[in-house]
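Quick notes on the structure that follows.
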Amino acid sequence: MELLDVGVCSAAVKKCKVPEFGEEDGISRIPDPVLAYIMSFLPTKDAVKTMLLKPFGKLWTTMSNLDFYVCLFEELPTTPRMNRWFSFVDHVLLHHEAPTVSTFRLKFGRTIYSSGLRSRKIVEKIDSWINFAVRKKVEVLEVDIGRRCGYEPIFAYHLPSFILRSDTLTELNLASCSFTTKVGIHMKSLKTLSLRTIVLDDTIMEEMLSGCPSLKTLTIIDCQGLHLLKLPQHVKDLKITKDESDMSLLEIIAPNLNSISVSGAIDYVNLKVPSSLSAAALDFFRGGKSFISRHRNIWLLLSDIKHAEHLRVCHWCVLEFAVRECNGCLSLTHKSVVVETRPSRWHFLGIVSLLWNSPKLEVLTVFIESDTFLLTWDDRHETLGKLPSSQMQRTMKFNEICSHLKIVNIQVHIVNSFAIQLVKFLLRSSNCLEQVVISTDGCGQGDQLSGYHIEKSMRLYEELSHCPRASKQVIVRLRGLKC
């Protein structure tokens, strides 16, 4: 796909003089291909408005990216709002002059549910719009019907069968709609497929995968009905979110994956992945007593992905390390680990246990969730009991638990004692440590920390001054302040 000839455009721009006062504006001198390229980054609704500007004129009729989102029309009157939206889409497509369309997105919202329009009329419109996109040899297609509440779609929509036989599609994103495989699936150019809140079964999924020989990336989010997901050799990246209301076990067989991300009810997922897996991420949405009492496959999942070079785990997985406290028996081979954790004693022990089981770890990144309005594991859950003081003391005496650990990045909303204690422990436990960065950048709202929080952070930072190597290896970055 070629959006514009950069060489031609750059040469044309060089010939343009910077206008002096009173002369024609500079925008009028910009070549049309450059203006069209700029317009491709605008929402379609805003791009059409450029017809009122002399330099743009009818350039909106040549846009290659068409993005129609109902919620962009929220300011319209309630009763005729959807009619005006339908008229707008029809108007844009009727006047479209470009021979092809690169991206076509169609996204609905709850607005349409309260519009009073009949589903039949809506379905006919969508079919005609998608047919337009296919005739224009669309490469990226997104159809998101939206949900009314829970799992129920706003209205029933069945995807036209000709979509599943497109030769030009390279990316297909579907949400809250249905489709059939009876007419056969053949999308030879499709590389990326995303399915969200769609009822599937093993047969449909198998036919979909076999009909897309070029597929590399597969995303499945909250799709019920799957029990066995067997990926062919050509699929390299998998992202799956298991619907937490779906209690059925899902088995994933992926012989040639490079990366995998599993979230949601991951304790109902069984993995069979290759030892050559490069990156893995686990995110368990819920926990509590039910999480502990079920004792499902969390530890087995960690064991299955132990060969991944890069790992990301949520705070529930960190607690699993704390519960197990298996000193070195898992033998993880990760070189880079990202941990999402909470400021509690159990999470501290979980991080230490994770380090103990990761002898080849080189880079550790820790995201510490804010403890504001957040009860810790020790406060709410009695399943684990209290952390024995002897256990914590023994933990703090570990020496060189990560013989290869070089870089540590700690992201926290406000520098707290948990972060400081973790840094102290790492400084004492790793002789190869080169740099520790404690940062509040990008954590929490606001550009600056308050004076109180800065003062508190500085006091905690002073505690590190007594630790060996702290002055040379520890960097504290606060919003608007660097220590």
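Numbers here are sequence positions counted from 1.
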TODO: Give a yes or no on whether a salt bridge exists between K230 and E206, defined as a side-chain N under 4.0 angstrom from a carboxylate O.
DONE: no
Task: W316 versus D283, side-chain donor and acceptor atoms under 3.5 Å - done: no
- [ ] Let me see the working for L354 and L361 under side-chain contact (heavy atoms from CB on, under 4.5 Å), right down to the final yes or no.
- [x] CA-CA 10 Å; L354 172 61; L361 185 63; over 6 Å; no
TODO: Classify the side-chain pair Q224/D243 by whether it contains a donor and acceptor separated by less than 3.5 Å.
DONE: yes
Task: Step-by-step ring-ring contact (aromatic ring centres under 6.0 Å, His included) determination, F132 to H96 - done: CA-CA 10 Å; F132 164 88; H96 192 267; 5.8 Å; yes
Task: H307 and L277, any side-chain heavy atoms less than 4.5 Å apart - done: no
Task: Any donor-acceptor N/O pair, S128 side chain to K125 backbone, under 3.5 Å - done: yes
- [ ] Of all the heavy-atom pairs spanning S178 and H158, show the shortest one and how long it is.
- [x] OG-ND1, 3.1 Å
Task: Contact summary for S189 and S214, nearest pair of heavy atoms - done: C-CB, 4.4 Å
TODO: Side-chain contact test, heavy atoms from C-beta onward, threshold under 4.5 Å: evaluate it for I130 versus L159 and give yes or no.
DONE: yes
Task: Test item: V140 and T170 side chains (from C-beta on) under 4.5 Å apart, heavy atoms - done: yes
Open item on the list: Return the CG to NZ distance between L311 and K306, rounded to the nearest 0.5 Å.
Closed with: 13.5 Å
Task: side-chain contact (heavy atoms from CB on, under 4.5 Å) assessment of L229 paired with I220 - done: CA-CA 11 Å; L229 180 60; I220 301 176; 4.0 Å; yes
Open item on the list: Is the shortest side-chain heavy-atom distance between W129 and D90 below 4.5 Å?
Closed with: yes
Open item on the list: Testing the basics here: between M187 and L164, what is the closest heavy-atom pair and its distance to 0.1 Å?
Closed with: CG-O, 3.5 Å
TODO: Nearest 0.5 Å please: distance from the CD1 atom of I368 over to the CD atom of Q411.
DONE: 9.5 Å
TODO: Report yes if some heavy atom in the side chain of K136 is under 4.5 Å from a heavy atom in the side chain of F104; otherwise report no.
DONE: no
TODO: Indicate whether the side chain of D127 and that of Y157 have a donor and an acceptor atom separated by less than 3.5 Å.
DONE: yes
- [ ] Please round to the nearest 0.5 Å and tell me the distance separating atom CG of L174 and atom CG of L172.
- [x] 4.0 Å
TODO: Could you check if a side-chain atom of E362 sits within less than 4.5 angstrom of a side-chain atom of K360, using non-hydrogen atoms only?
DONE: no
Open item on the list: Show, in sequence, the C-alpha distance, side-chain angles and deciding distance for T168 and T100, and conclude whether the side-chain contact (heavy atoms from CB on, under 4.5 Å) test is met.
Closed with: CA-CA 10 Å; T168 61; T100 60; over 6 Å; no
- [ ] Only one of T341, V366, L422 passes side chain to side chain contact (heavy atoms under 4.5 Å, CB included) with H347; say which it is.
- [x] T341
Task: Nearest atoms (heavy-atom pairs only) where A175 meets T197 - done: C-OG1, 4.2 Å
Task: Residue of the set V273, L301, D304 for which side chain to side chain contact (heavy atoms under 4.5 Å, CB included) holds with I260 - done: V273
Task: Short side-chain donor-acceptor distance under 3.5 Å, E171 and N173 - done: yes
Task: H315 side, atom NE2; F367 side, atom CZ - distance, nearest 0.5 Å - done: 15.0 Å
TODO: Quick one: closest heavy-atom pair of S248 and L226, and the distance?
DONE: OG-O, 4.3 Å
TODO: Drop me the distance from M63's CE to S102's OG, to the nearest 0.5 angstrom.
DONE: 12.0 Å
TODO: Give the C-alpha distance, both sets of side-chain angles, the deciding distance and a yes or no for side-chain contact (heavy atoms from CB on, under 4.5 Å) between M205 and L195.
DONE: CA-CA 10 Å; M205 201 67 239; L195 304 174; 4.2 Å; yes
Open item on the list: Please report the interatomic distance CG(L106) to SG(C177), rounded to the nearest 0.5 Å.
Closed with: 10.5 Å
TODO: Keeping to residues at least two apart or across chains, list the ring-ring contact (aromatic ring centres under 6.0 Å, His included) pairs with something in residues 198-240.
DONE: none
Open item on the list: Checking S259 now: which residues fulfil side-chain hydrogen bond (donor to acceptor under 3.5 Å, both in side chains) with it, not counting sequence neighbours?
Closed with: D237
TODO: Report yes if the side chains of N256 and K236 come closer than 4.5 Å at any heavy-atom pair, otherwise no.
DONE: yes
Task: Min side-chain heavy-atom separation L93-L66 under 4.5 Å - done: yes
Task: Shortest non-hydrogen contact from V269 toward V262 - done: CG2-CG1, 4.2 Å
